[in-house]
Amino acid sequence: MNVYKKLVNNSLVFAVGNLGTKLIVFLLLPLYTSYLTKSEFGLVDLFTTTLSCLIPIFTLSIFDSVLRFAMDKNYDKQAVLINSIVVTLCGFILSILIYPIFINILPFDNLIIYFYLILFFQSTNSTLTQFVRAQGKIRLFAVSGIINAFSLLVCNVIFLMVYHMGIIGYLISLIFANIITFLFLIIKGKLRYSFKVSKINVKLTREMLLYSIPLIPNALMWWIMGLSDRYIITYFLGLSATGIYAVANKIPSILNMINSIFFQAWQMSAIEEYDSKDKSKFFSNVFNVFSIVMLVSTSIILVNLKLIIKVFVADNYYEAWEYVPFLLLGVVFSSFSGFLGTNYIAAKKTKGVFKTSVIGAIINIIVNVILIPKIGINGASIGTMVSFGVIWILRVIDTKTFVDISINYKKIGLTFIALFIQIKLLYMNLSFEYFFQLIILLFIILLNVSEIKIMIERMVKVKSKK
């Protein structure tokens, strides 16, 4: 199959799963902002972000190895799965052993039982979903995401709207959604037949860990940045401010959805095509189209940002729009750095991911500490944007030894200037703001019309060949 056709086909399958999943999660925002106070929403956001940050640490990011090794024909897929599960279980046991530490340092010690249940099921599901994906069962992978989101929606309606259980209802919904997803993957993926204890292999486990451990900072990158944002905001501004920031972070999830759709398909294509002679041309063509999609999408969201907030967020959270623009740019830079990060993964040179991620995380914390006390919540948004921007630049330089990607810096630079003008207009609150925003959006589209044409032509060509 043509490499572009395969990438587009996989992207379309992941699009179905992600659109369903992200749409449901986004539609939950009005529910959360109506039934949880700012402080409550700030606390549950702190809870889930802390959890997501700890999962790669306790699992040693072994789920990243599952995708890479299970796709490699030189390795036994069942052995890859069982060794990953063993590492995950060992990590969970370790987390239980340090229970006394958690009780004393976490700001939600009264919710610790929910913390452990979600930790277990999310860690296990991460491994199972990556294994299903590596086997080429991308439809099953996509459906599992939809089932998880739909289960979350139903449970939240029951526990928040009907029984008014607040934070506890929110967390019970997460637990039920993860259990249902776990059972679906085991049954429909027929994974119970792959759990063969006889295939536990210390040598393979060591090899997988040597690959996955340097990826921990990459897995933590977004979460460390998000977590440091939230804890520093909570320290200087309180839980209510954290709740507002949590809502602001939900809007970039629209953009992140586009990145997730592409990235899940791109990871597989990058690994498969890494040894190809034309990989530099392939990587360059894909990046230039992908970057334009992300930048144009950012512009469209900025045009409609205030309307989105009005429609989907309760009135007492309306100010959250002010903190969205720089978070959107943070997602753009994050997606660009993630694209280049696949070069390390495909080459099995994950130390580069470690180095660039650590630098980015340090910069984020420094900017947060400096800006949040001075300018408030937007200090965290700017810190996120700056740190991911630095990571992208470092990876552009560092990955040239793997793949020489040709980037049209002039067009990307002009597009970013246009986006900053859009952001400035948002804060000015002009009478004809929407009209001016549309003009800038049109300028961005015309500036990148050649790449947009190429993307449309390739998609039409793929569709006509079906």
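For clarity, every value in this text was computed on a predicted model and none was experimentally measured. Along the sequence shown, residues carry numbers from 1.
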Under a 4.5 Å cut-off applied to non-hydrogen side-chain atoms, are Ile391 and Ile359 in contact? no
Roughly how far apart are Leu426 CG and Ile421 CD1, rounded to 0.5 Å? 12.5 Å
Check whether any side-chain heavy atom of Asn285 sits under 4.5 Å from a side-chain heavy atom of Val289, and report yes or no. no
Distance-only, no hydrogens or angles: does the Asn304 side chain make a donor-acceptor pair with backbone N or O of Ile300 under 3.5 Å? yes
List the steps and the verdict of side-chain contact (heavy atoms from CB on, under 4.5 Å) for Tyr245 and Ser381. CA-CA 9 Å; Tyr245 185 68; Ser381 303; 3.7 Å; yes
Any pair with a residue in residues 406-436 that passes ring pair (Phe, Tyr, Trp, His ring centres under 6.0 Å), sequence neighbours left out, goes on the list, sorted by first then second residue, please. Trp321-Tyr427, Phe333-Phe416
Backbone N/O of Leu371 and side chain of Asn378: donor-acceptor pair under 3.5 Å: no
Take Ile440 and Leu425 through the test side-chain contact (heavy atoms from CB on, under 4.5 Å) and record every step on the way to the result. CA-CA 10 Å; Ile440 298 172; Leu425 286 171; 3.5 Å; yes
Going by side-chain hydrogen bond (donor to acceptor under 3.5 Å, both in side chains), name the residues that satisfy it together with Ser126, two or more places apart in sequence or in a different chain. none
May I ask you to decide if Asp45's main-chain N or O and Thr48's side chain share a donor-acceptor pair within less than 3.5 Å? yes
For Val367 and Gly383, which heavy atoms make the closest approach, and how far apart are they? CG1-CA, 3.5 Å
Under the 3.5 angstrom rule, does the side chain of Tyr323 hit a backbone N or O of Asn249 as a donor-acceptor pair? no
Given 3.5 Å as the limit, does a donor-acceptor pair link the side chain of Thr33 with the main chain of Pro30, or not? yes
Are any non-hydrogen side-chain atoms of Asp229 and Asn364 less than 4.5 angstrom apart? yes
Where the side chain of Gln437 meets the backbone of Gln422, is there a donor-acceptor pair that is under 3.5 Å apart? yes
Between Phe336 and Phe388, is the ring centroid distance below 6.0 Å? no
Holding to salt bridge (Lys or Arg N to Asp or Glu O under 4.0 Å), I want the full list of residues that pass it with Lys411, two or more places apart in sequence or in another chain. Glu451
Heavy-atom side-chain contact between Phe159 and Ile168 under 4.5 Å: no
Please check this pair: side chain of Ser151 against backbone of Ala177, looking for a donor-acceptor N/O pair closer than 3.5 Å. no
Close side-chain approach of Leu329 and Thr384, heavy atoms under 4.5 Å: no
Between Gly166 and Leu36 the two heavy atoms that sit nearest each other are C-CD2, 3.8 Å
For the atom pair CG (Leu295) and CG (Leu328), what is the distance rounded to the nearest 0.5 Å? 11.5 Å
Is there a side-chain contact between Leu419 and Ile444 in this structure, where contact means two heavy atoms from C-beta onward sitting under 4.5 Å apart? yes
If only atom types and distance count, is the side chain of Arg133 paired as donor or acceptor with the main-chain N or O of Phe141 below 3.5 Å? no
Whether over 12 other heavy atoms sit under 6.0 Å from Phe184 CZ: yes
Could you give the distance from CG (Leu174) to SG (Cys155), rounded to the nearest 0.5 Å? 9.5 Å
For the pair Phe339 and Phe283, name the ring-plane relationship: parallel under 30°, tilted 30 to 60°, perpendicular over 60°. perpendicular
Working to the nearest 0.5 angstrom, can you tell me the gap between Leu106 CG and Thr50 OG1? 6.5 Å
Verify side-chain hydrogen bond (donor to acceptor under 3.5 Å, both in side chains) between Thr181 and Asn125, making sure each step is shown before the conclusion. CA-CA 8 Å; Thr181 306; Asn125 286 346; 4.9 Å; no
Closest non-hydrogen atom pair, Lys306 against Asn429: NZ-OD1, 2.5 Å
Is there side-chain contact between Leu239 and Phe41, with at least one heavy-atom pair below 4.5 Å? no
First locate atom CG of Leu160, then atom CG of Leu31, and finally report the distance between them rounded to the nearest 0.5 Å. 5.0 Å
Could you check if a side-chain atom of Phe120 sits within less than 4.5 angstrom of a side-chain atom of Asn178, using non-hydrogen atoms only? no
Distance-minimising heavy-atom pair for Gly379 and Asn368: O-OD1, 3.8 Å
How long is the gap from CD1 on Ile179 to CD1 on Ile118, to the nearest 0.5 Å? 10.0 Å
A quick test of your reading: do over 12 heavy atoms of other residues, nucleotides or ligands sit less than 6.0 Å from OH of Tyr318? yes
Side-chain (Ser52) to main-chain (Thr49) donor-acceptor, under 3.5 angstrom: no
So, does Thr242 use its side chain to make a donor-acceptor pair with the main chain of Gly42 at under 3.5 Å? no
Contact list for residues 155-182, test salt bridge (Lys or Arg N to Asp or Glu O under 4.0 Å), sequence neighbours left out: none
Minimum heavy-atom distance between Asn288 and Asn408, given as atom pair plus value: OD1-N, 3.7 Å
Walk me through whether Ser144 and Thr129 qualify under side-chain contact (heavy atoms from CB on, under 4.5 Å). CA-CA 8 Å; Ser144 70; Thr129 52; 4.1 Å; yes
Residue list, ring pair (Phe, Tyr, Trp, His ring centres under 6.0 Å) with Phe121, at least two apart or on another chain: Phe182
Going through the distances and angles, do Ile405 and Thr399 end up as a side-chain contact (heavy atoms from CB on, under 4.5 Å)? CA-CA 9 Å; Ile405 298 177; Thr399 58; 5.5 Å; no
Of Tyr114, Phe47, Phe102, which meets ring pair (Phe, Tyr, Trp, His ring centres under 6.0 Å) against Phe108? Phe47
With a 3.5 Å cut-off and no angle check, do the side chains of Thr356 and Asp398 form a donor-acceptor pair? no
The criterion is ring pair (Phe, Tyr, Trp, His ring centres under 6.0 Å); which residues satisfy it with Tyr170, sequence neighbours excluded? Tyr32
Closest non-hydrogen atom pair, Pro107 against Leu43: O-CD1, 4.0 Å
Tell me if the CG atom of Asp315 is crowded by more than 12 foreign heavy atoms within 6.0 Å. no
